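First the structure, in the form of structure tokens, and then the observations on it.
Nothing here was measured: the structure is a model prediction, and the numbers come from that model.
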Amino acid sequence: MAASKFKLSKTLLKNCDTYLAHSPIKVPGNMFSRPFQVKTNTLMRNSDKRKLREDMEARYGSGFTDIADSFLSVKAEITDVSVLLHNGFETNIYCVDGNPMLFICQPERVLLPSVYALWEYPDLALNWSMRAEVVSKLLSGATLMMPDVVIEKDLPNGGLGEFRSMHPVSVSTAGNRSAVAVGVTAIRSAQVAQQIPKLLGVRGKGVLVHHVAKDHLWMYGNRRLRPDMAANDVAPLDNTVAQPAGT
């Protein structure tokens, strides 16, 4: 009897794993790897702009407060664009003077900056560097794995900063700090610190990537090309504040 129960539960677990492996919630991928459908495009009132600023300040702390007046100016034309994604999720894109600057990633529902926003305000999120040859895979919807992330073993947490899971992060390439992708962390800094001394280094998922330069969110904007930005052009920022509960 015990053996048959074990086989039954093992079968159920296998079926559950199969379902989750094909579920968009398990592997969200690049939200904008395919075209999306615009449902509504609404000009935001000043009260809505203030609420959006408050949400950004709660998520990004001083990293946003210092740039709030220029990023989300009350005088700017800001629109809330509701869209239906190719994977069935609905989400919102916030455009400033016609350019997509923020979006709500799904299914985590974290407010993230676009690459356009990060090219203007590169200190807004943590920045990780990756191997350049991985960019095309991210555009197709792949998750950024930790072996592809540049780790500085002599620095605390490999030079990646302090973070919890679901922390906003921009991804760049060696020699150019401007963002090429945006997502949320799938690992905690404490886990990185624990794995660095190991022979195989840091393994597993690093960033759940939701937006990549030249995807359909990028195409929805002015299609500006990625700028060149040396690593020492921008001062490092403490992004350890304003973590939401439960992350």
Side-chain angles (χ1 to χ4, degrees), residues 20-34 87 103 105-108 110 112-115 117-119 122-218 225-234 236-237 239 247:
L20 290 172
H22 293 86
S23 168
I25 295 178
K26 182 68 174 178
V27 186
N30 180 6
M31 294 167 51
F32 305 103
S33 60
R34 300 179 187 177
N87 57 13
F103 65 97
C105 75
Q106 299 289 2
E108 299 91 352
V110 176
L112 293 180
S114 69
V115 292
L118 289 164
W119 292 342
D123 278 339
L124 186 56
L126 285 175
N127 179 262
W128 292 4
S129 182
M130 67 175 178
R131 297 188 295 113
E133 57 267 28
V134 182
V135 175
S136 60
K137 296 180 181 179
L138 300 186
L139 190 59
S140 300
T143 295
L144 178 61
M145 306 302 288
M146 288 307 299
D148 293 319
V149 176
V150 176
I151 301 291
E152 300 289 345
K153 294 185 178 181
D154 295 333
L155 297 177
N157 304 323
L160 301 182
E162 291 281 348
F163 54 91
R164 299 178 182 178
S165 59
M166 299 298 121
H167 193 112
V169 60
S170 69
V171 183
S172 62
T173 52
N176 187 354
R177 192 185 184 279
S178 63
V180 69
V182 185
V184 294
T185 55
I187 191 172
R188 302 188 305 275
S189 54
Q191 293 174 296
V192 173
Q194 290 173 355
Q195 293 186 49
I196 286 177
K198 296 182 179 180
L199 182 62
L200 295 178
V202 186
R203 316 296 291 178
K205 295 180 180 180
V207 179
L208 303 177
V209 176
H210 291 295
H211 164 46
V212 182
K214 296 191 176 181
D215 65 9
H216 287 273
L217 180 62
W218 175 85
L225 295 179
R226 181 188 178 209
D228 289 327
M229 186 183 301
N232 57 4
D233 283 347
V234 184
L237 179 73
N239 279 280
T247 58

Check whether any side-chain heavy atom of [X] lies under 4.5 Å from a side-chain heavy atom of [Y], and answer yes or no.
| X | Y | value |
| --- | --- | --- |
| Ile196 | Val202 | yes |
| Trp128 | Met146 | yes |
| Val182 | Pro168 | no |
| Val135 | Thr173 | yes |
| Ile187 | Val192 | yes |
| His167 | Leu126 | yes |
| Ser140 | Asn30 | no |

Indicate the atoms forming the closest heavy-atom contact of [X] with [Y], along with that distance.
| X | Y | answer |
| --- | --- | --- |
| Cys105 | Met31 | CA-SD, 3.4 Å |
| Gly204 | Pro147 | O-CD, 4.0 Å |
| Trp218 | Val212 | CB-O, 4.3 Å |
| Pro227 | Asn176 | O-ND2, 3.1 Å |
| Val115 | Ala179 | CG1-O, 4.1 Å |

Determine, step by step, whether Ser172 and Val180 satisfy the side chain to side chain contact (heavy atoms under 4.5 Å, CB included) criterion, reporting the C-alpha distance in whole Å, the side-chain angles of both residues, the deciding distance to 0.1 Å, and the verdict.
-> CA-CA 5 Å; Ser172 62; Val180 69; 5.5 Å; no

His211, His216, His210 screened by ring-ring contact (aromatic ring centres under 6.0 Å, His included) with Phe103, the one that passes =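 Testing Phe103 for a ring-ring contact (aromatic ring centres under 6.0 Å, His included) against His211, His216, His210 leaves exactly one candidate, His211.
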
Atom [atom1] of [X] and atom [atom2] of [Y]: how far apart are they, to the nearest 0.5 Å?
| X | Y | atom1 | atom2 | value |
| --- | --- | --- | --- | --- |
| Leu160 | Ser129 | CG | OG | 10.0 Å |
| Leu208 | Ser165 | CG | OG | 9.5 Å |
| Arg203 | Gln195 | CZ | CD | 9.0 Å |
| Gln191 | Asn157 | CD | CG | 11.0 Å |
| Asp215 | Phe32 | CG | CZ | 7.0 Å |
| Arg226 | Leu118 | CZ | CG | 11.5 Å |

Is the number of heavy atoms from other residues, nucleotides or ligands within 6.0 Å of CZ (Arg34) greater than 12?
->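 It does not: Arg34 CZ has 12 such atoms or fewer within range.
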
Which residue, Val134, Val169, Thr185, forms the side-chain contact (heavy atoms from CB on, under 4.5 Å) with Leu144?
->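 Answer to the side-chain contact (heavy atoms from CB on, under 4.5 Å) test with Leu144 among Val134, Val169, Thr185: Val134.
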
Only one of Val150, Leu138, Val207 passes side-chain contact (heavy atoms from CB on, under 4.5 Å) with Met130; say which it is.
->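 It is Leu138; the other options fail the test.
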
Output yes when Asp228 and Arg177 qualify as a salt bridge under the 4.0 Å nitrogen-oxygen rule, no when they do not.
->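 Result for this pair is no, no salt bridge flagged.
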
